[in-house]
Amino acid sequence: MTAAEPREVRGLTVRQPHAACIAYAGKTIENRVQPWSYRGTILIHAGASIDKAAKKHPPMAAVVRGLQLEQRAVIAVARIADCHADDGECTPWSLPGYNHFVLDDVTALHLPVPHQEGQLGLWSPPAELVARVRLQLDDDTAARLLGQEA
């Protein structure tokens, strides 16, 4: 695959404030019950609901204070680089008993890209949504994450 060829992209809906912590605060672990074999680019889609209990978790509380928590919008692009079962030694963002999806190359978007529908697992975003996200990425980031050149 050359850099000009589009790369497979998936969407991942994440409840707030978890999505904001991925986009803006270095949260490089996403905790999920099910393991996935997919490795590659994902659109971080802030879901419709807010996890109110998570807002009290010290690392998240420090991040979300004063932030408007976007909902129903793509707010970042990232790559799932790995997945491992809870080993008790991951990061402060890890939850015990969950699979930890390791995220890298997280790139927050300057503006949220509205998208009403998401789902709990990985989903295939429409080409139009990927194109709207692409408009906010510089050429190097788009080539690296989306496999698209200007």
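Predicted model only: the values in this text are computed from it and were never measured.
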If every non-hydrogen atom of A85 is compared with every non-hydrogen atom of N99, which pair is closest and at what distance? CA-OD1, 3.8 Å
Using 0.5 Å steps for rounding, measure from the CD atom of Q136 to the OG1 atom of T141. 12.0 Å
For P125 and G11 the tightest heavy-atom approach is CD-N, 3.7 Å
Working to the nearest 0.5 Å, report the span between CZ of R132 and CG of L111. 11.5 Å
Residue among I75, L137, L43, I44 satisfying side chain to side chain contact (heavy atoms under 4.5 Å, CB included) with L109: L137
One should read off an interatomic distance between R32 CZ and H100 NE2, to the nearest 0.5 angstrom, of 12.5 Å
Can you tell me if OH on Y24 sees more than 12 non-hydrogen neighbours from other groups inside 6.0 Å? yes
If I compare all heavy atoms of A23 with all of A108, which pair ends up nearest, and what's the gap? O-CB, 3.5 Å
Step-by-step side-chain contact (heavy atoms from CB on, under 4.5 Å) determination, L146 to E8: CA-CA 8 Å; L146 302 177; E8 179 181 32; over 6 Å; no
Should we count CD of Q119 as having more than 12 external heavy atoms under 6.0 Å? yes
If you measure from CG on L122 to OG1 on T13, what distance do you get to the nearest 0.5 Å? 9.5 Å
Does any part of the side chain of L12, heavy atoms only, come nearer than 4.5 Å to the side chain of W36, both counted from C-beta? yes
Interatomic distance, Q71 atom CD to I50 atom CD1 [nearest 0.5 angstrom]: 4.0 Å
Short N-O contact, R134 and D139, less than 4.0 angstrom: yes
Assess the residue pair R10 and S124 against the criterion (side-chain hydrogen bond (donor to acceptor under 3.5 Å, both in side chains)); give the C-alpha distance rounded to whole Å, side-chain angles, the decisive distance to 0.1 Å, and a yes or no. CA-CA 5 Å; R10 294 284 185 249; S124 295; 3.0 Å; yes
Is there a side-chain contact (heavy atoms from CB on, under 4.5 Å) between W123 and H45? Walk through the geometry before answering. CA-CA 10 Å; W123 46 276; H45 176 257; 3.7 Å; yes
Y98 reachable from I22 in the ILVMFWY side-chain graph, under 4.5 Å edges: no
Would L103 end up clustered with L95 when hydrophobic side chains under 4.5 Å apart are linked, directly or stepwise? no
Output for pair (R39 CZ, I42 CD1), nearest 0.5 Å, gives 11.0 Å
Hphob cluster co-occupancy, Y38 + F101, side-chain heavy atoms under 4.5 angstrom: yes
Is the backbone of G97 close enough, under 3.5 Å, to the side chain of N31 for a donor and an acceptor to pair up by distance? no
Can you see which heavy atom on W93 is nearest to which on A25, and at what distance? CZ2-O, 3.9 Å
Determine whether L145 and L129 fall in the same hydrophobic cluster, where Ile, Leu, Val, Met, Phe, Trp and Tyr are linked whenever their side-chain heavy atoms lie under 4.5 Å apart. yes
Going by side chain to side chain contact (heavy atoms under 4.5 Å, CB included), V133 matches just one of T107, V77, V9. Which one? V77
